[in-house]
Amino acid sequence: CPQVQRALQALTISLDVLWEVKERMQRAMRRGLSRHTHAEADVRMLPTYICSTPDGSEKGDFLVVELCQTHVRTLWVTLLGDGNQSPQVMYKIFEMPEHITQGKGEELFDFIAQCMREFLAGVSSPQQNIPLGFVFPFTCRQTQLDKAELVAWSKGFRCRDVEGKDVVQLLQSAIRKQELYHVDVVALMNDTVGTMMTCNVAGKPCEVALIVGEQWAPCMPGGWFWGGAGAQPPLLPAGSGTNSCFMAEAQQVEMAEETSGRMCVNTEWGYFGDNGSLNDILTPYDQHVDEESSNPKEKRFEKMVGSLYLGEIVRHALIALAAEKVLFLESSVVALKTKGVLKTQQVLEILKNEDGMAEAKRALEALGMRPSERDCCRVQQLCRAVVSRAATLCAAGLAAILSHMCQSRELERLVVNVGVDGDLYHGHTRFREILQSVTGLLAPDCIATLLPSTDGTGRGAAMVTAVALRLATRRREVNGLLAPLRLSRADLERVQGLMRREMELGLGRETNANASVRMLPTYVCGTPDGTERGDFLALDLGGTNFRVLVVRVGQDSIRMASEIYVIPTSVMQGTGEALFDHIIDCIIDFQLKQELMEEVLPLGFTFSFPCQQLGLDKAVLLTWTKGFSASGCVGQDVVQLLRQAAQRKQHFGLKVVAVVNDTVGTMMSCGYEDPNCEIGLIVGTGTNACYMEEMKNVGTVEGEQGRMCINMEWGAFGDNGCLNDIFTRFDVMVDEKTINRGKQRFEKLISGMYLGEIVRYILLALVKSELLFRGKSYVKLQTRDIFQTKFLSSIETDGLGLRQVQAILQDLELQASFEDCVLVREVCQTVSLRAAQLCAAGLAAVVEKMRENRGLAQLAVTVGVDGTLYKMHPNFSQHLQQTLRDLAPNCNVTFLLSEDGSGKGAALVAAVACRGSEP
Ligand code: ADP
Ligand code: MG
């Protein structure tokens with residue numbers, strides 16, 4: 001029969017179109033998530049502020065109160081911390097008089113609180129405070145887990161003075177009125193999220209929930225029920241329609257402030273299509289169902305999927321086919337015209353193969369009709385089509401969620417559990433099979449395991465409350481542990497002031513000896529002017545690599561060639577003679593390779609350790625840093641040590657013109673590009689800075705004219721104890737394990753050699769407090785320097801999925817959950833932010849001093865910067881610059897990255913020195 005075929009076809013959605021529907025759903029979800037389009041989005045994507053799923057450690061007693069259509073249900077749930085294997089549940093159902101739902105809001109909440117009091121009177125609890133989860137199945141504007149304004153009543157409720165108010169507060173004050181002072185509302189939730197929470201299987205969290213059709217909550221009206229995991233209580237309807245929720249990346253949930261980790265989003269997908277996006281698949285039957293409903297033009301998706309409507313769709317299809325004279329030729333169809341005469345439950349019975357036909361006959365005869373065998377067969381076909389369509393649409397929606405998750409987590413393949421509740425799912429194999437297989441077709445990159453959920457609103461709500469409590473406690477403890485690392489604006493100003501004071505002390509002739517910031521004169525009195533020419537040799541010692549370079553300064557460009565040489569740790573920490581012999585060997589090797597043996601080139605020696613410089617080519621080593629400890633060098637002129645080694649090696653072609661600190665080299669190399677560059681900054685293995693100071697302020701060198709570059713050696717700032725209250729116990733632990741204990745204390749807060757170690761000690765403390773890695777201590781994390789500073793860069797750059805963090809932690813043999821990854825990132829961010837801010841406080845002291853020196857209201861100056869930490873870390877430079885602007889608002893500071901400052905810079909110092917004289 002072509003008419004019947006046409007009707008069936010209209011109710012069948014092809015796979016191509018389902019793909020379309022899935023994509024439209026994905027677009028709708030994105031619109032709902034975005035702040036700009038949220039208001040007009042049909043799929044609302046409401047943030048729930050539930051930021052975690054159960055991890056099985058949840059423990060304690062929880063009270064749940066659920067507001068249902070005609071009842072209030074109270075539950076007492078005991079979680080044993082056993083992976084939620086056997087939660088104990090006890091509950092009571094209270095019938096709600098109808099006038100309560102139509103009266104004053106206060107009366108509604110008083111009624112709920114009275115139910116709770118009565119319930120609690122029968123439960124003896126040793127607990128002091130009872131956390132309460134409130135299941136409130138109405139549309140709310142939620143802004144915290146325990147803060148939600150009711151947007152509008154539905155489901156027949158019409159209480160006055162509640163819309164626009166915070167329902168948690170209303171409930172909490174009603175609870176106070178009942179003198180239940182020990183009950184605290186911890187979480188408010190709708191009825192979908194609990195479903196997700198009850199389906200966690202050991203080790204594999206459930207991160208999606210789906211509701212299709214009526215949910216049933218176990219009940220025994222008026223009575224008590226004690227039930228363990230396996231018990232089967234009677235049922236009470238708890239909700240209908242369709243909805244879903246899933247764990248989204250918090251950063252994408254723009255309506256919520258939360259930016260890290262994940263948050264459960266209540267999609268409210270029943271409204272999908274309300275903007276017309278499903279019009280092409282709506283049948284005339286759907287239109288009739290919608291017109292007759294109490295909310296026309298609303299919840300178009302739900303009206304095709306929810307169990308409230310399936311009977312109605314079939315009924316309208318029957319009416320239409322009867323009008324076309326292809327059905328019920330022998331009876332009147334008047335009875336079919338009454339809304340609701342064909343129940344969804346009947347439709348589902350008719351579906352069944354064996355006695356479906358008989359059921360169809362029974363249902364129609366009950367309406368006074370006389371269906372033929374063929375009528376019954378066609379009715380069954382229509383029922384199948386309507387239910388199948390509901391399942392495929394549901395699958396398209398689920399596939400949209402899965403693909404969204406897979407994409408935003410940057411996964412190639414998403415493996416996830418999906419909790420499903422609702423009578424369409426529980427009761428009907430056919431629905432289940434279609435849902436599963438079509439979801440697989442539409443989201444081929446995802447493996448979803450569908451798990452039946454029960455009592456999401458009761459047990460699940462307790463779980464939500466427990467998780468919320470666990471997270472809140474954990475947050476408090478984490479904050480307590482990290483608090484000492486978080487510096488206030490006042491702290492930073494104080495550091496700036498202290499740095500300024502130490503600078504003055506370092507510059508003063510009398511006070512210099514006792515200053516922690518040594519302020520060493522460099523005898524570099526000018527920056528490049530562009531007239532420098534010639535070929536130079538340069539040595540770079542004191543960075544990560546030892547290098548020898550030849551630098552050719554030409555008219556328009558600088559060309560360089562260099563060679564990296566390894567200095568074995570045994571040489572770094574052996575005798576001075578062996579160290580300098582090794583250096584000469586490397587120079588000879590380089591000159592041979594570069595065919596420079598015949599020439600005597602001026603040599604600039606970048607020596608990045610604190611030196612008392614007595615002339616441009618005379619530098620007495622004050623102390624080793626950064627892992628060097630060669631004997632017999634401290635107190636000696638390093639140029640002399642180099643010349644002596646050359647003598648020993650019979651190498652007579654060396655002409656050392658200048659010893660340069662890498663900081664100075666950095667300033668000089670940037671000065672070649674930008675004449676405003678009068679500050680050098682290094683943030684690499686160590687940290688240091690230099691700047692052009694007025695000669696008249698330099699008490700340690702004769703002469704009043706002009707300026708001289710001062711090598712601050714600011715890494716030692718604080719070695720006199722002035723920063724003691726900034727140091728945390730983690731900094732102390734890092735310091736204690738270094739070879740220069742008690743020294744370079746400022747550097748140990750900032751530079752690459754130490755940040756990873758600070759993070760490692762914090763992670764160990766978090767593990768010890770059972771806030772990380774579920775308290776399991778891992779051997780590898782105990783190893784010194786195992787957590788490299790470059791990890792901070794990767795971890796802080798990582799995308800939403802935190803794949804990198806997971807990979808890094810896996811390499812360290814750490815089994816990290818997603819939440820562990822979020823916390824590790826927070827630790828890294830805290831440590832690198834503090835480093836950048838402290839560095840900025842130091843620089844603020846420098847630029848402010850320069851501005852005052854020059855009597856300027858506003859100073860414009862450029863800082864030449866080098867160091868891998870500064871260059872590679874994703875946030876360091878930005879945080880540094882931002883804090884500096886804040887602390888020194890009258891200075892306009894530009895940052896210029898130095899390219900090979902220690903090589904090129906040393907040559908330029910030599911070149912500036914040789915300027916005028918023939919090199
Ligand atoms: P140096 O200061 O010795 O001249 P660098 O400027 O290259 O050398 O700095 C090396 C330091 O930079 C190392 O100690 C390491 O901790 C750090 N580092 C290396 N790679 C990165 C990275 N990707 N992000 C942040 N820090 C890094
Ligand atoms: Mg360097």
Side-chain angles (χ1 to χ4, degrees), residues 538-549 562 564-567 569 572 605-610 624-628 660-670 680-690 711 713-715 734 737-740 744 746-760 784-798 804-805 807-808 811 824-825 827-836 839 863-880 895-906:
L539 298 184
D540 175 14
L541 180 71
T544 303
N545 299 304
F546 169 56
R547 295 180 311 152
V548 185
L549 310 89
S562 71
I564 288 176
Y565 295 92
V566 175
I567 299 189
T569 311
M572 282 163 68
F605 183 10
T606 296
F607 185 74
S608 310
F609 300 96
W624 286 116
T625 57
K626 295 181 275 196
F628 278 72
V660 188
N661 186 275
D662 56 350
T663 321
V664 182
T666 298
M667 181 185 81
M668 293 296 270
S669 70
C670 290
L681 172 69
I682 305 273
V683 195
T685 305
T687 183
N688 192 12
C690 70
N711 167 18
E713 286 300 336
W714 81 4
V734 169
K737 288 287 186 298
T738 54
I739 62 167
N740 54 348
Q744 299 291 105
F746 192 55
E747 176 164 278
K748 286 173 186 167
L749 303 174
I750 294 175
S751 71
M753 194 160 180
Y754 309 101
L755 294 194
E757 271 299 272
I758 302 174
V759 168
R760 191 176 69 85
R784 244 184 81 192
D785 291 330
I786 196 97
F787 202 99
Q788 298 171 34
T789 297
K790 70 175 184 204
F791 294 168
L792 275 76
S793 293
S794 327
I795 286 174
E796 293 183 53
T797 318
D798 206 355
Q804 283 273 77
V805 186
I808 288 171
D811 276 349
V824 169
R825 182 164 63 177
V827 171
C828 292
Q829 284 165 340
T830 307
V831 169
S832 69
L833 173 65
R834 183 182 69 150
C839 194
V863 182
V865 202
D866 202 353
T868 305
L869 177 59
Y870 182 93
K871 287 178 174 174
M872 297 299 289
H873 190 279
N875 310 320
F876 190 94
S877 59
Q878 198 200 331
H879 287 150
L880 166 61
F895 287 78
L896 194 58
L897 286 185
S898 144
E899 278 166 54
D900 197 3
S902 33
K904 193 158 76 174

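Please read all numbers here as calculations on a predicted model, not as lab measurements. Numbering starts at 1 and runs along the sequence shown. Side-chain atoms are counted along with the backbone in the values below, which use heavy atoms only and exclude waters and symmetry mates. Both counts, for ligands and for their atoms, begin at 1 and track the order of listing.
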Handout entry: Distance-only N or O hit between ligand 1 and K790, under 3.5 Å
Key = no
Problem - Contact (N/O only, under 3.5 Å) between G684 and ligand 1 - result: no
Fill in the blank from the handout: One finds that the ligand 1 atoms under 4.0 Å from a non-hydrogen atom of G867 are 6 (O)
Handout entry: Heavy-atom neighbours of E899 CD exceed 12 at 6.0 Å
Key = no
Handout entry: Atoms in ligand 1 flagged as close to G752, the criterion being non-hydrogen separation under 4.0 Å
Key = 14 (O), 16 (O)
Problem - Interatomic spacing from OG1 in T666 to CG in L897 - rounded to 0.5 Å - result: 10.5 Å
Completion exercise
Near M872 (heavy-atom distance under 4.0 Å), the atoms of ligand 1 are 22 (C), 23 (N), 24 (N)
Problem - ligand 1 N/O within reach of T685 N/O, cut-off under 3.5 Å - result: yes
Problem - Backbone of I795 reached by a side-chain donor or acceptor of Q804 within 3.5 Å - result: no
Practice task
Check the side chains of N711 and N688 for a donor-acceptor pair under 3.5 angstrom, ignoring hydrogens and angles.
Solution key: yes
Exercise for the section: Please confirm whether the backbone N or O of G756 pairs with a side-chain atom of K790, one donor and one acceptor, at under 3.5 Å? Expected result: no
